[in-house]
Amino acid sequence: MAPPAIAAALAEAIAAEANDDQGSPIASAKAAAPGFVNLRFADAALEAVIDGIRLAPAAWGRVADSASAGRHVNVEFVSANPTGPLTVGNARGAFVGDLLARVLEAGGQRVTREYYFNDTGAQVKNLGASILAIREGRAIPEDGYHGEYVVDLATELPDELSAPRADGDDPEGERFWAAGRWASDRIRRGIEASLEALGVHFDAWTTEGSLVEGGWVDQAVARLREGDHLYEQDGATWFRSTTFGDDKDRVVIRSNGSLTYFAFDIGYLVEKFSRNFDHLIYIWGADHHGTVARVRNAAEAMGYDKAAVEMILTGWVHFVSGGQELSMSKRAGTFIALDDLLAELGADAARWYFASRGANVNMDVDIELAKRQSSENPVYYVQYAHARIASILRKATDAGMTAAPSVAGLLAGAPEGMLARVVARFPEVVEDAAAAQETQGITAYATELATAFHAFYRDARVIDADEPERSAKRLALADATRISLANALALLGISAPEAM
RNA sequence: GUCCCCGUAGCUCAGUGGACAGAGCGGCUGCCUUCUAAGCAGCGGGUCGCAGGUUCGAAUCCUGCCGGGGACGCCA
């Protein structure tokens, strides 16, 4: 049967059933070329949805019965090394991770937001060496840290950490390590403060040091050895990643006995699973794609469900200023601090910017243009619609009017019916977003809802003393719209102002 | 050389099997004596990188090519 014929048959059957059932939510079903069936909801069904929003505002837009509902997910993101403040380059990871966590929660999942601090890496020692060099008036090593913040750290370094050892000896750069640990601890507190300012809260902070001290790396290595997934070659210990489809095998323990970054990855894997997560998500930069396979392979080799280990790679953000490419090197000190940009842009505008774009696409951001255009950000369009409704509701209250408990009979009119149909779609939008683990649908919907309200505002007067009954119902519809806008913005971590 | 991501309006990006491909910004034209003009209405703007293929139907799936970015270490 050709699509138009199938559509016609379906439409006929649905229409017949709707006619038989008095309480059917479907008012009509019509076939349309080249094979669509257009359903029209009954006004009564739509009215019930709108009334329900105001009865349980907090629940509106939360989906509890999706396929993944109830899952406990660990989302690890940012995890920038504590060797300098967060840069604008870290902004994407921070927002993408936080937005993902929010959308998963809206879909009924439990989320732990986690940050991994590499506090024992060579870069910490390197940072310490740079600080001591400045303190002692020596030149900073070429591959050391050159940013202004390093000078500040050198100034603030406690005397006992800068003093040479009495015996003049410094086994394995112990002084560098001590200064580096002090500095990274201080930087870490700054990073935590920056993230709080973005509205990004973490539930767990894990350090590289704790993975060794807790025996997690040893445990991971033991598990791989038991499964015969390790072998010795050239004095190093290798993981047979190729068994699971990788390009090459990977070193776990170097010939000098030290652990590779990969060793910490697999130790962390065991540690995370020991906390009974159903699913692990890593937000990594696109440059880490090469490490995806080995970590997932190791999970499989250790007996975990490979599908439970998921990496989301964020695309590159290419920053330019006045046509000039900006490099973001912490070591060279040529970065733009995240705090500085946010102070000018505002967290709401920045959040919207990243929420409305896919995580994996590359983007060009002109810093000067972004600053100049921040007031043109679409986020204000949506916030304005919310503030406008809030203003109307205040004005109604002042005039002694209250919203009706039900919008019954109101939605047959064009301005009301068109707005209500957009409002009613919100849960479906959230469900799609949670399933796709993306937020672009939310921003697109919020914009559409704001547009629908502005059209309603133009065509229908809400506060009208001459028609108190219809006015009360329009207030109810406006309030339901306000709740939808507020919940959509909250889902994105964006404020919903009462006035603008 | 191998692998991954991207290529859609002047710009920044949505849309990943269905109806004439959308939004914001920018450009042009109108609209404030009535609930917020951070708004509304309208105009202009497209070989969906290119070429094949699959399908009743492709921006969307497959193959090849072109262009941009990234990864291929006993670095992190």
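The structure presented is a predicted model; accordingly, all values stated were derived computationally and were not measured.
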For the rings on A/W205 and A/F117, is their centre-to-centre separation under 6.0 Å? yes
Are A/H288 and A/Y282 close enough that their ring centers fall under 6.0 Å? no
For A/D247, answer base if it contacts any base atom (sugar-phosphate contacts may also be present), sugar-phosphate if it contacts only those atoms, and nothing otherwise; contact means non-hydrogen atoms under 4.0 Å. nothing
Touch check for A/G285, heavy atoms < 4.0 angstrom, all strands: base, sugar-phosphate only, or nothing? nothing
Test A/F77 against every option in A/W284, A/F202, A/Y115 by the ring-ring contact (aromatic ring centres under 6.0 Å, His included) rule and name the one that passes. A/F202
5'-most contact on RNA chain B: A/E208 or A/A499, nearest heavy atom basis? A/A499
If you assign each of A/G315 and A/A450 to its closest nucleotide in RNA chain B, which residue comes earlier from the 5' end? A/G315
Rounded to whole angstrom units, what separation is found between the [atom1] atom of [X] and the [atom2] atom of [N]?
| X | N | atom1 | atom2 | value |
| --- | --- | --- | --- | --- |
| A/R470 | B/rC35 | CZ | C1' | 14 Å |
| A/E376 | B/rU12 | CD | C1' | 13 Å |
| A/H454 | B/rG39 | NE2 | P | 6 Å |
| A/D287 | B/rC72 | CG | P | 8 Å |
| A/E448 | B/rC13 | CD | P | 22 Å |
| A/D464 | B/rC35 | CG | C1' | 10 Å |
| A/Y384 | B/rA37 | OH | C1' | 6 Å |
| A/F456 | B/rC35 | CZ | P | 15 Å |

For nucleotides [N] and [M], find the distance between their [atom1] atoms and express it as a whole number of Å.
| N | M | atom1 | answer |
| --- | --- | --- | --- |
| B/rG39 | B/rA21 | C1' | 27 Å |
| B/rC4 | B/rA41 | C1' | 46 Å |
| B/rC72 | B/rC65 | C1' | 23 Å |
| B/rU47 | B/rC66 | C1' | 15 Å |
| B/rA23 | B/rC43 | P | 12 Å |
| B/rG49 | B/rG7 | P | 8 Å |
| B/rC25 | B/rA14 | C1' | 14 Å |

A/Y457 side-chain proximity, nearest of B/rG69, B/rU36, B/rC74: B/rU36
Is it true that A/Y381 and A/T451 share a donor-acceptor pair across their side chains at a distance under 3.5 Å? yes
Strand RNA chain B as a dot-bracket string - pairs counted if Watson-Crick or G-U with both distances under 3.5 Å, | where the partner lies in another strand: (((((((..((((....[...)))).(((((.......))))).....(((((..]....))))))))))))....
Is any side-chain N of the basic residue among [X] and [Y] closer than 4.0 Å to the acidic one's carboxylate O?
| X | Y | value |
| --- | --- | --- |
| A/R181 | A/D185 | no |
| A/R54 | A/D479 | yes |
| A/R294 | A/D265 | no |
| A/R188 | A/E192 | yes |
| A/E448 | A/R425 | yes |
| A/R394 | A/D398 | no |

Within the pair [X] and [N], is there a side-chain N or O less than 4.0 Å away from OP1 or OP2?
| X | N | value |
| --- | --- | --- |
| A/Y380 | B/rG24 | no |
| A/R254 | B/rA76 | yes |
| A/K248 | B/rU2 | no |
| A/Q440 | B/rG15 | yes |
| A/N360 | B/rC6 | yes |
| A/R357 | B/rA14 | no |
| A/Y381 | B/rC40 | yes |

Syn-anti status, with the boundary at 90° from 0, for the nucleotide B/rC28: anti
Suppose we call a contact any N or O donor and acceptor under 3.5 Å apart; does that hold for the side chain of A/S255 and the base of B/rC74? yes
Indicate, yes or no, whether a donor-acceptor pair under 3.5 Å links the base of B/rA19 to the side chain of A/N38. yes
Using 30° and 60° as the class boundaries, would you call the ring planes of A/H229 and A/F239 parallel, tilted or perpendicular? perpendicular
Please enumerate all protein N or O atoms sitting under 3.5 Å from an N or O of nucleotides 8-10 of chain B, with distances to 0.1 Å.
none

Might you confirm whether atom CD of A/E232 has over 12 heavy atoms from other residues, nucleotides or ligands at distances under 6.0 Å? yes
